[in-house]
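Presented below is the structure to which this report refers.
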Amino acid sequence: MPIHLYNTLTRRKEPFQPLDPKRVRLYVCGPTVYDFAHIGNARPVVVFDTLFRLLRQAYGADPVTYVRNITDVDDKIIAAAAESGEAIRALTERTAAAYRDDMAALNALPPTHEPRATEHISQMIAMTERLIAGGFAYAAEGHALFHVPAMADYGQLSKRSLDDMIAGARVEVAPYKKHPADFVLWKPSTPDQPGWDSPWGRGRPGWHIECSAMAEGLLGETFDIHGGGQDLIFPHHENEIAQSRCAHGGAPLARIWMHNGFVQVEGEKMSKSLGNFFTVRQLLEEGHRGEAIRLALLSAHYRQPLDISREGLKEAKTELDRFYTALDKAADLPLDGEAAPSGEVMAALEDDLNTPLALSHLHELVTRLNKAAGDGEKAHLKSALLASGGLLGILQQAPEAWLRGATAEAGPTADQIEERIAARMAARKARNFAEADRIRDELAGDGVILEDSPTGTTWRRAG
RNA sequence: GGCCCGGUGGCAGAGUGGUCAUGCAGGGGACUGCAAAUCCCCGUACAUCGGUUCGAUUCCGGUCCGGGCCUCCA
C-alpha cells in the first residue's frame with residue numbers, strides 16, 4: 001500500500017508519490033532559538049521524525065532529504081539577548097545546542113540539513129530582489145514588502161480571501177504598506193540590532209523569507225512535503241507559498257502540506273505566550289525519560305490535539321516497562337536476519353501516520369511474544385517488535401539499560417542490589433520468608449522491584 | 001464576524017454503515033511460600049435532536065459544548 005498523507009492544501013488524504021522517484025524531499029519549520037524547547041515545540045519534531053523514519057523505511061535512507069531550519073535572527077532573540085545581556089551569537093549557539101540535546105533525548109534523528117537563517121542572508125536578499133523585479137514586492141522606507149494583491153490566488157492554504165482578512169484585520173497597518181495584508185520581506189535595523197547590508201539599507205530579513213530561501217537552496221523550487229504546527233498555516237506558510245511561487249514563476253512550493261495539532265494543558269493550547277508550558281528539559285530533569293515523552297507524544301494521532309500531563313507520561317513509562325520486560329526475557333534470542341517491521345504497523349503508519357493504531361499493534365505483538373512457547377517464534381516476534389518499534393523511534397535501547405540503568409534519583413548500585421538478592425536467596429532457601437520479605441521490602445524502598453522466577457531472581461528500577 | 005478542528009467506556013485513544021480496537025486504572029482467576037512479572041476472563045462507550053437506510057457511534061442536516069487560527073507562536 002502506498003503511503004497516504006493528509007494534505008492541508010486539499011483537506012484530504014492523498015496517496016504520496018515523490019516528485020522525483022529517486023528522492024524524497026521534506027522540509028519542516030524548526031525552532032527560533034531564544035529559549036528552551038517546550039513539549040509543544042517537541043511534538044512536530046517527534047511527528048516528522050516518525051515520518052522521516054517511515055520514508056526511509058519505504059524509500060531507503062539515502063534518498064530521503066530532511067531539512068529543518070534554525071531561526072537565529074528574530075526580534076524575540078534580540079529582545080531575549082537585550083534582557084539578559086548575553087551576546088546574540090552566544091544565546092543562539094547555546095539555545096541551538098540545548099535544542100539538539102533535547103531532541104536527541106526524544107530519539108529524534110538529526111535532519112539531513114539544519115540550515116541557520118544567518119548563513120543564508122544573501123539568498124534571502126536575492127529572492128527579495130527577484131520578487132521586486134517581478135512586480136510582486138516593493139521597497140518603502142528601508143523595508144521590502146510583499147504585495148499580496150499581486151498574487152492572484154493568495155490564501156489557498158489557509159482558505160481565506162483577501163476580503164476576509166481585511167474584514168478580520170486586527171493589526172494596525174503601517175503607513176508604508178500599499179495594502180494592509182502586505183508583509184515584510186526585509187526590515188531596517190538600528191545600529192545596535194543585528195543587520196546586513198542590502199539594496200534597501202542595513203537591515204534583517206522578515207520571518208517568512210528565510211524558509212523560502214533555504215528550501216530553495218537545499219531542496220529546489222518544488223519539493224514533496226512541507227510540515228509544521230497548525231499555527232503556522234497562517235500567516236507563515238501562506239506567505240512562504242506566496243514568496244516562493246511568485247519567485248518561481250508560479251511553481252508550487254510543496255506538494256503536500258502537513259500540520260500537527262497542538263499540545264494542550266487542561267484543554268488549552270500550550271504556548272509560550274500563555275506561559276502554561278513545560279520544557280522538555282524540565283520533564284527530563286524531573287526524571288521522565290525521553291523515550292516515555294516520545295511515546296506520550298505519539299499516543300494521539302498527529303492532527304489531533306494532545307493533552308500532555310504527568311499522568312500521561314507515567315502511563316507511557318508503564319507501557320515501555322511492559323515492552324522492555326518482554327524484550328529483556330528474550331534478550332538471549334537471536335534476531336531474524338532480515339527483521340522487518342510488522343505489516344500491520346507499517347500499514348497503520350502508511351495511513352497518514354496513524355501512530356496510535358501502530359502502537360496498538362505493538363501491544364499485540366508484545367502479548368504474542370509473552371505467550372509464545374518456542375524459541376523460534378519468540379525470536380521472530382522479538383525481531384518484529386524491535387523493527388516496528390524502530391519505525392516509531394522507540395524500543396531501541398538495551399532492555400538492561402531501560403530496566404536497570406541508572407536513573408535520575410541515586411539508588412543502590414547494581415552490585416549492592418545483587419548482594420541483597422543473594423542474601424535474600426539464602427534466606428528463602430532456609431525458608432526464612434520473613435527475612436526474605438524484609439530484604440525485598442527494603443529494596444522496594446530504594447525503588448528496586450524484584451521478580452522471582454524458576455531460573456532466579458531479576459530486578460528492575462521502579463523509576 | 002470569517003476560516004478550521006473536535007465531542008467514543010473511570011482515564012488515554014484508534015476505528016467502523018451490521019460479532020473484536022488497543023493501552024492504563026479497576027474487579028475476578030491461573031501461577032507464586034507471599035509477591036512481582038506474565039497469561040485468561042470482566043465492564044451493555046460512541047454529546048444531543050432529526051433525516052437517509054432493512055440497519056448508524058460511523059453518512060447528511062440542525063442544536064449544544066470545547067479547542068484553534070485570523071497578531072509573535074510548534
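Taking atom C1' on both B:rU48 and B:rG7, the two are 11 Å apart, rounded to the nearest angstrom. Here, B:rC20 and B:rA14 have their C1' atoms 13 Å apart, quoted to the whole Å. B:rC41 and B:rC24 have their P atoms separated by 15 Å, given to the nearest Å. Only the C1' atoms considered, B:rA30 is 46 Å distant from B:rG67, to the nearest whole Å. Between B:rU63 and B:rU44, the distance separating the two C1' atoms is 27 Å to the nearest Å. Going from the C1' atom of B:rC49 to that of B:rC64 covers 10 Å, rounded to whole Å. Of the C1' atoms belonging to B:rG17 and B:rU71, the separation is 44 Å, rounded to the nearest Å. Rounded to whole Å, the separation between the C1' atoms of B:rA45 and B:rG23 comes to 16 Å.
Nucleotide B:rC5 holds its P atom 17 Å from the CZ atom of A:F234, rounded to whole Å. Following rounding to the nearest Å, A:Q304 (CD) and B:rG66 (P) show an atom-to-atom distance of 19 Å. Atoms CZ (A:R43) and C1' (B:rG67) sit 13 Å apart, rounded to a whole Å. When the C1' atom of B:rA14 is taken as reference, atom CG of A:L362 falls 14 Å away, rounded to whole Å. Between A:E311 atom CD and B:rG26 atom C1' the separation is 17 Å, expressed in whole Å. Rounded to whole angstrom, the span from the CZ atom of A:R310 across to the C1' atom of B:rC11 amounts to 18 Å. Regarding A:L443, its CG atom lies at a distance of 21 Å from the P atom of B:rC34, rounded to whole Å. The distance from atom NE2 of A:H208 to atom P of B:rU71 is 10 Å, rounded to the nearest whole Å.
Checking the phosphate oxygens (OP1, OP2) of B:rC69, a side-chain nitrogen or oxygen of A:K269 falls inside 4.0 Å.
By the 4.5 Å heavy-atom criterion applied to side chains, A:L5 and A:K13 are not counted as neighbours.
Checked by distance alone, A:R440 brings a side-chain donor or acceptor within 3.5 Å of a matching partner on the base of B:rC34. Interface remark: the A:E319 side chain does not form any donor-acceptor pair with the B:rG23 base, using a distance-only criterion of under 3.5 Å. Applying the 3.5 Å distance criterion, the base of B:rG33 shares a donor-acceptor pair with the side chain of A:D437. A donor-acceptor contact under 3.5 Å is formed by the side chain of A:D452 with the base of B:rC34.
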_Dot-bracket for RNA chain B, please. Rules: Watson-Crick or G-U, both distances under 3.5 Å, ( ) within the strand, [ ] when a pair crosses earlier ones, | for another strand, . otherwise._
(((((((..(((.....[...))).(((((.......)))))....(((((..]....))))))))))))....
Close N/O contacts between protein and nucleotides 38-43 of chain B (under 3.5 Å):
from: B:rU38; atom 1: O3'; to: A:N370; atom 2: ND2; distance (Å): 3.2
from: B:rC39; atom 1: OP1; to: A:R322; atom 2: NH2; distance (Å): 3.2
from: B:rC39; atom 1: OP1; to: A:N370; atom 2: ND2; distance (Å): 3.2
from: B:rC40; atom 1: OP1; to: A:K371; atom 2: NZ; distance (Å): 2.8

Report each atom pair, protein N/O against N/O of nucleotides 15-17 of chain B, whose distance is under 3.5 angstrom.
from: B:rG15; atom 1: OP1; to: A:N354; atom 2: ND2; distance (Å): 3.1

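Nucleic acid contact class of A:I233 (heavy atoms, under 4.0 Å, all strands): none. A:G312 comes within 4.0 angstrom of nothing in the nucleic acid, heavy atoms only. Using a 4.0 Å heavy-atom distance criterion, A:T458 is classed as making no nucleic acid contact.
Between the side chain of A:D182 and the backbone N or O of A:L145, no donor-acceptor pair lies under 3.5 Å. With A:Q193 contributing its side chain and A:T190 its backbone, the two residues share a donor-acceptor pair below 3.5 Å. No donor-acceptor pair closer than 3.5 Å links the side chain of A:R460 to the backbone N or O of A:V448. A donor-acceptor pair is defined here as one N or O able to donate and one able to accept, closer than 3.5 Å; such a pair exists between the side chain of A:T318 and the backbone of A:K314. When atom types are taken as modelled, the side chain of A:K187 and the backbone of A:H143 share no donor-acceptor pair closer than 3.5 angstrom.
Residues from residues 416-432 of chain A lying near RNA chain B, meaning a heavy-atom separation below 4.0 Å, are A:R424, A:R428 in numerical order.
Between the CG atom in A:L106 and the CD1 atom in A:I293 there is a gap of 5.5 Å [rounded to 0.5 Å]. We find the SG-CG distance between A:C211 and A:N239 to be 11.5 Å, quoted to the nearest 0.5 Å.
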Check residues 27-36 of chain A and write down every donor-acceptor pair under 3.5 Å in which the side-chain atom is one partner and the other belongs to a residue at least two apart or another chain.
from: A:Y27; atom 1: OH; to: A:N69; atom 2: OD1; distance (Å): 3.3

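The 5' end of RNA chain B is approached more closely, in terms of each residue's nearest nucleotide, by A:A300 than by the other of A:S271 and A:A300. Heavy-atom nearest nucleotides on RNA chain B were determined for A:G30 and for A:R460, and the one closer to the 5' end corresponds to A:R460.
Residues A:R424 and A:D452 are paired through a salt bridge, judged by an N-O separation under 4.0 Å between the basic side chain and the carboxylate.
For the residue pair A:S212 / A:E240, no side-chain donor-acceptor distance below 3.5 Å is found, with atom types taken as modelled. A donor-acceptor contact closer than 3.5 angstrom links the side chains of A:E14 and A:T10. Between the side chains of A:R322 and A:T367, a donor-acceptor pair is found at a separation under 3.5 Å. Side chains of A:Y99 and A:N41: no donor on one and acceptor on the other come within 3.5 Å.
Using the six-membered ring where Trp is involved, A:Y324 and A:W402 have ring planes that are parallel, under 30° apart on the 30 and 60° scheme.
Applying the side chain to side chain donor-acceptor pair (under 3.5 Å) definition to pairs two or more places apart or across chains, none involves residues 103-113 of chain A.
The side chain of A:M270 lies closest to B:rA74, out of B:rA74, B:rG23, B:rU22.
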